[in-house]
Amino acid sequence: MSNQPEAPAKGKDFIRQIIDRDLEDGKYGDRVHTRFPPEPNGYLHIGHAKSICLNFGVAAEYKGQCNLRLDDTNPVKEDTEYVDSIREDVRWLGFDWEDRQFFASDYYHLFYDVAELFIRMGCAYVDNLSADEIREYRGTLKTPGKNSPYRDRSVAENLELFRSMRDGKFEDGACVLRAKIDMASPNVVLRDPALYRIKHAHHHRTGDEWCIYPMYDFAHCLSDAFENVTHSICTLEFENNRPLYDWVLDTLLEGLKNESLFADCPEFLAELKAHPGFSARPYQYEFARLNITGTVLSKRKLIQLVQEGHVSGWDDPRMPTISGFRRRGYTPESIRDFCDRIGVAKADSTVESALLEHCLRQDLNERAPRYLGVLNPLKVVIENYPEDQEDVFEMPLHPEDESMGTRKVPFGREIYIERDDFMENPPKKFFRMGPGREVRLRFAYYVTCTDVIKDENGEVIELRCTYDPETKGGWSKDGRKVKGTMHWVSARHAVQAEVRLFDKLFTVDNPNAAEEGKTFVDYINPESLEVLTDCLVEPALAEMQPGTNFQFERTGYFCADLRDHVPGEKLVFNRTATLRDSWAKIQKQMKK
RNA sequence: UGGGGUGUAGCCAAGUUGGUAAGGCAACGGGUUUUGGUCCCGUCAUUCGAGGGUUCAAGUCCUUCCACCCCAGCCA
């Protein structure tokens, strides 16, 4: 819009304040390096968008870099289907990791070498306790744990055992590699956490090369360091893990000081030293994850919605997934704007879905071209309009943006209007059509309703009107006022379309807080999807491409469906959002 | 007193050497309008989870208490 520099962001969030401080201190020189590290075991949702905008946004603001890292340390849950969707969604949101797409599995050999180093340092051991026994030995939140009987094995024995683990000599679960920290720590994360477990499972990238896989706490901080990340930003639930993040990195750094530990593997030492991530190591910072009213944002619950068929798939337009929003017609700009506005802090919070809708409408209001479409058609015959006459009106595609141009809309003796736009006994505040009333057909003519035709059940099936030829274009020289302005389509030219109306997926603000004996599934809104198959739209929409956003004047923002809409053949439009509706508000007040 | 966090309006959120509560959403009034849309204008915290204390002055400092969230996966 203007060349003015953007007003300095007043009140930066705590993450950016930390970065400012680190930059001042020269902690990493002038480097700022972040990463977005999803596990490829599900589709990205709006909560991830917050993290993506934060990580990529911060990097861009500070002229730094942000990596895409697929945190694939658990082969039984992960799949390439998910890595493909993640890549697509991050890109769609408008972010670019350039050549920095990494996988935790890229570092499997390095992780392994670090594990052996920890063993040589006497900081890790192979434990033969069963999973159940480990749990027992861990103690409880309020009572300390106790040492495993295998805790004091010799370095040589641990090394041999660990190599045997790697070489596939043990069954799944036979033993694990554990960090030797403190079984009495008040933080249970530090009670000798597992570093490696045996899983004879096929990995989506490394195949059958490995049968031992690193745990998150071990792999994540090391991956950050290998990638020279400076600020490792994650969500609040990892706060308890931060001491372990620090322990792993600091232990490695400590080991680095003793070159004799690398006698057998000098190239490993050299490789580690080549990473700036070890001369100035990354630190972890935690922010509150996003919650939004009226939906669920946990992978487990989203996957349940898909698997139990409550929705049509991950990209069902009612889903809070990125792909769902995309198909619904949300724009990446609106989602980014939303993420900017909600802020980044440490307090648990739930943002009202109204804010997201606001961001959407604000964006779409500016960019969506306008069209006319009638969702529930009611026939209107204009009796004094000649049978063989026809008008073609050139209408602006946008009321405030002339540069968007115009489109031609045909008009004829028979038209359709919205059923809701007619009332036989209209109340005072109803500014639409009624018997004897004169209204404006948008950009066409003033018409006056002269007759109401009903079927045998008393249902209104057709209206008769007259029009004033002097009001062509929708205005009159005498400046007389009409009751309102309505949208319409020409009966002869209209194109049939399917319109899908979406409402919120859940009937309550917080489906997570289910009452006794219920689950979030019990709050699914049975009317969240309404399909209208007999809609009539203006002919200009016939060739619209899938994914195009537009507005049906007076009824809402829509988007040609990405899957089912076929230009010229089958028109399928998703309602992205309604327009703000003050008439609905008035109706509500009248009911009271 | 197991440990780690967080409490500012209906929602989100600034407030950083103590100086007299930003902004956005929602809501509610009004104006403009060929979309009951958009846009514009206005209203909306004597008070910062509660109590006590220090101070001329406290959301900010001290103190006691309360509430909520996270942690006992060989998940991330």
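Below, chain A is the first sequence line, B the second, and so on; all start at residue 1.
Using a 4.0 Å heavy-atom criterion, one finds that Val439(A) contacts no nucleic acid atom at all. Within the 4.0 angstrom heavy-atom criterion, no nucleotide atom of any strand lies near Phe170(A). Leu141(A) comes within 4.0 angstrom of a base, heavy atoms only. Residue-level contact check: Thr555(A) touches neither bases nor backbone, having no heavy atom under 4.0 Å from any strand. Within the nucleic acid shown, Thr140(A) comes within 4.0 Å of at least one base atom, counting heavy atoms only. When heavy atoms are screened at a 4.0 angstrom cut-off, Ala345(A) is found touching the sugar-phosphate backbone but no base atom. At a threshold of 4.0 angstrom between heavy atoms, the contacts of Glu239(A) are confined to the sugar-phosphate backbone, with no base atom among them. Contact annotation for Met215(A): backbone-only contact, meaning every heavy-atom pair under 4.0 Å involves sugar-phosphate atoms and none involves a base. Nucleic acid contact class of Leu70(A) (heavy atoms, under 4.0 Å, all strands): none. At the heavy-atom level, Gln551(A) lies under 4.0 Å from base atoms of the strands shown. Residue Lys585(A) is classed as a sugar-phosphate contact, given heavy-atom separations below 4.0 Å to backbone atoms only. As judged by a 4.0 angstrom heavy-atom cut-off over every strand, Phe238(A) is placed among the base-contacting residues. Within 4.0 Å of Pro243(A), counting heavy atoms only, lies no atom of the nucleic acid at all. Residue Arg370(A) is classed as a base contact, given a heavy-atom separation below 4.0 Å to a base.
The nearest whole Å value for the distance from the NZ atom in Lys483(A) to the P atom in U33(B) is 17 Å. Protein atom CZ of Phe287(A) is 15 Å distant from nucleotide atom P of U6(B), rounded to whole Å. Rounded to an integer number of Å, the gap from Asn241(A) CG to G73(B) P is 13 Å. Whole-Å rounding puts the Ile303(A) CD1 to C75(B) P distance at 16 Å.
Here the separation of U32(B) from C25(B), taken at their P atoms, is 23 Å to the nearest Å. A gap of 11 Å separates the C1' atoms of U47(B) and U20(B), to the nearest Å.
Donor-acceptor pairing under 3.5 Å, judged by distance alone, is present between the side chain of Arg432(A) and the base of G36(B). Between the side chain of Glu286(A) and the base of G5(B), no donor-acceptor pair of N or O atoms lies under 3.5 Å. Side-chain N/O atoms of Asn74(A) and base N/O atoms of C75(B) include no donor-acceptor pair closer than 3.5 Å.
You'll find that the side chain of Val351(A) is closest to C12(B), out of C12(B), C71(B), A72(B). Distances from the side chain of Asp348(A) to the nucleotides U38(B), C69(B), A76(B) place C69(B) closest.
A donor-acceptor pair under 3.5 Å links the side-chain atoms of Lys50(A) to the main chain of Ala288(A), judged by distance alone. For Ser223(A) (side chain) and Ala219(A) (main-chain N/O), a donor-acceptor pair under 3.5 Å exists by modelled atom type.
Cation-pi geometry between Lys301(A) and Phe520(A) is satisfied (NZ or CZ under 6.0 Å from the ring centre, within 45° of the ring normal).
Under the ring-ring contact (aromatic ring centres under 6.0 Å, His included) test applied with Tyr196(A), the options Tyr125(A), Phe111(A), Trp210(A), Phe162(A) reduce to a single match, Phe162(A).
Within a heavy-atom distance below 4.0 Å of RNA chain B, the residues of residues 171-180 of chain A found are Gly173(A), Val176(A). A heavy atom lying under 4.0 Å from RNA chain B marks the following residues of residues 185-204 of chain A, by number: Pro186(A), Val188(A), Ala194(A), Arg197(A), Lys199(A).
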